[in-house]
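Below is one structure; the comments refer to it alone.
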Amino acid sequence: MSDCKEIVLLKCGELVLKGLNRASFEDAMIKNARRRLEGLGKFHIWKSQSTVYVEPLSPEIRMEEAVERLSTVFGIAALCPARVVPKDWEAIRAAAPDYLARDLGAAKTFKVNAKRSDKSFPMKSPEICRELGGLLLERFPHLRVDVEHPQVTVTVEIRERDAYIHKDQLPGAGGIPVGTGGKAALLLSGGIDSPVAGYMMAKRGLELIAVHFASPPYTSDRARQKVVSLAERLLPYTGRIRLFVVPFTRLQEQLRDKGPEDYFTLLMRRAMMRVAEAIALREGCQGLITGESVGQVASQTIQALSVTDCVTALPVLRPAIGLDKSEIVAIARKIDTFETSILPYEDCCTVFTPRHPKTRPRPAEVARIEEAMGLDPALLEQAAAEAELIVLTQRGMDR
Ligand code: ATP
Ligand code: MG
């Protein structure tokens with residue numbers, strides 16, 4: 001263990017607030033981190049005093065890649081690459097300058113911080129700071145010590161087993177570990193908003209499945225493929241996603257032929273909710289997620305939202321509800337879904353769009369229209385039953 005290797009320390013953010021549940025949250029985060037590192041090589045991962053240690057078990061493992069992968073795991077507030085050295089002052093002074101060369105070479109100011117949880121170590125913290133600070137100033141004469149606002153903070157930690165030399169910590173993905181908050185079905189279109197909504201709810205600990213409505217031949221295979229690509233882009237954050245592609249053409253045609261034109265979008269959205277609910281319940285989900293935002297389009301007035309909400313008993317989570325489009329776009333760029341979302345393929349929501357959609361519908365009125373249409377409920381069941389399942393994992397795609 002003490003052979004000067006680089007490891008990564010993970011700081012659990014909000015997890016520490018979880019009282020007695022803390023251990024199970026940490027374990028879930030570790031399980032997700034382990035999955036995320038799959039294929040990179042073998043790691044030993046353990047926790048001690050609210051820090052999780054990720055240690056590579058072979059020298060070939062690319063630790064920069066490991067850090068990058070771990071930076072999308074929810075529940076990690078910060079990541080801190082560190083060099084493990086024997087608990088011996090000579091070993092620390094021999095290792096520190098080379099390990100820190102790149103960071104200190106590019107900085108103007110620095111400071112050294114020391115933490116000594118092993119009180120039997122012969123030097124006290126101020127002495128470690130003074131000695132190491134002096135050594136680094138000798139090796140990097142362009143540097144200046146700035147204890148208030150250093151560009152680089154070097155931390156030396158003397159722990160039970162080993163000593164660690166840390167670089168500055170990097171921001172983690174934050175949030176809470178996926179899977180600890182239950183499971184929900186994301187209604188995933190090819191647009192900008194719904195992938196962002198999925199990311200936001202995964203960040204709050206929800207495991208996701210995705211439901212996409214496709215209406216061939218009105219919607220193309222490329223539009224469908226775009227949705228698969230969007231779901232794949234969420235995988236670094238969410239882990240495995242079971243994506244259901246619902247054949248929606250017959251239902252949409254029936255709604256167009258039998259219902260009043262200005263209610264078409266509302267009728268269609270209610271049908272989507274019902275089919276999504278059936279799939280969600282079958283898959284053990286406790287909620288639905290959409291990318292809606294109040295006032296964005298006619299079907300997203302508060303009245304229209306209540307008309308769609310009331311057909312499902314599941315809570316409909318709309319994390320983008322109060323965001324401006326520009327705020328949603330900023331998140332889409334950050335999670336790298338934006339460029340895919342703006343590819344110009346049609347969605348089933350843009351098929352048969354009414355010229356004058358109802359913006360202030362009343363639930364009772366819409367229910368009456370539905371009843372008068374006499375739509376066969378088996379059509380909804382059939383759409384849910386015939387949905388095609390695509391299982392998306394970091395390693396590939398199974399049907
Ligand atoms: P987005 O960018 O997410 O497509 P939008 O502003 O285009 O949002 P709408 O097309 O009205 O909004 O859709 C609102 C929400 O309904 C979407 O965020 C998504 O959750 C869901 N939705 C729309 N079309 C589909 C679809 N074809 N399959 C599954 N869900 C959909
Ligand atoms: Mg859309």
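We count ligands from 1, going down the list as the structure has it; atoms in each ligand are counted the same way.
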Atom 16 (O) of ligand 1: which of Arg269, Met272, Arg318, Met273 has the nearest heavy atom?
-> Arg269
So between Arg224, Met268, Gln300, Lys325, whose heavy atom ends up nearest atom 11 (O) of ligand 1?
-> Gln300
State whether the shortest distance between N or O atoms of [X] and N or O atoms of ligand 1 falls below 3.5 angstrom.
| X | result |
| --- | --- |
| Pro195 | no |
| Thr290 | no |
| Phe213 | yes |
| Gly190 | no |

Using a 4.0 Å cutoff against the non-hydrogen atoms of [X], which atoms of ligand 1 qualify?
| X | answer |
| --- | --- |
| Glu292 | 14 (C), 15 (C), 18 (O) |
| Val211 | 29 (C) |
| Gly291 | 17 (C), 18 (O), 20 (O) |
| His212 | 26 (C), 27 (N), 28 (N), 29 (C) |

CA sep, side-chain torsions, deciding dist, call: Ser189, Ser194, side-chain hydrogen bond (donor to acceptor under 3.5 Å, both in side chains) | CA-CA 6 Å; Ser189 71; Ser194 46; 3.1 Å; yes
Tested for side chain to side chain contact (heavy atoms under 4.5 Å, CB included) against Leu375, the lone hit among Leu267, Leu380, Leu255 is Leu255
Where's the contact between [X] and ligand 1, heavy-atom distance under 4.0 Å: side chain, backbone, both or neither?
| X | value |
| --- | --- |
| Leu186 | neither |
| Leu188 | backbone |
| Asp347 | side chain |

How are the rings of Trp46 and Tyr53 set to each other: parallel, tilted or perpendicular (split at 30° and 60°)?
-> parallel
How about Gln303 and Arg362: does a side-chain donor come under 3.5 Å of a side-chain acceptor?
-> no
Give a yes/no verdict on a cation-pi contact between Arg256 and Phe352, requiring under 6.0 Å between NZ or CZ and the six-membered ring centre and an angle within 45° of the axis.
-> yes
Leu230: hydrophobic cluster co-members (side-chain, 4.5 Å) | none
Test of ring centre spacing under 6.0 Å for Tyr199 and Phe74 = yes
If only atom types and distance count, is the side chain of Glu346 paired as donor or acceptor with the main-chain N or O of Ser220 below 3.5 Å?
-> yes
Who pairs with Glu339 by salt bridge (charged side-chain N to carboxylate O under 4.0 Å, His left out), at least two apart in sequence or on another chain?
-> Arg333
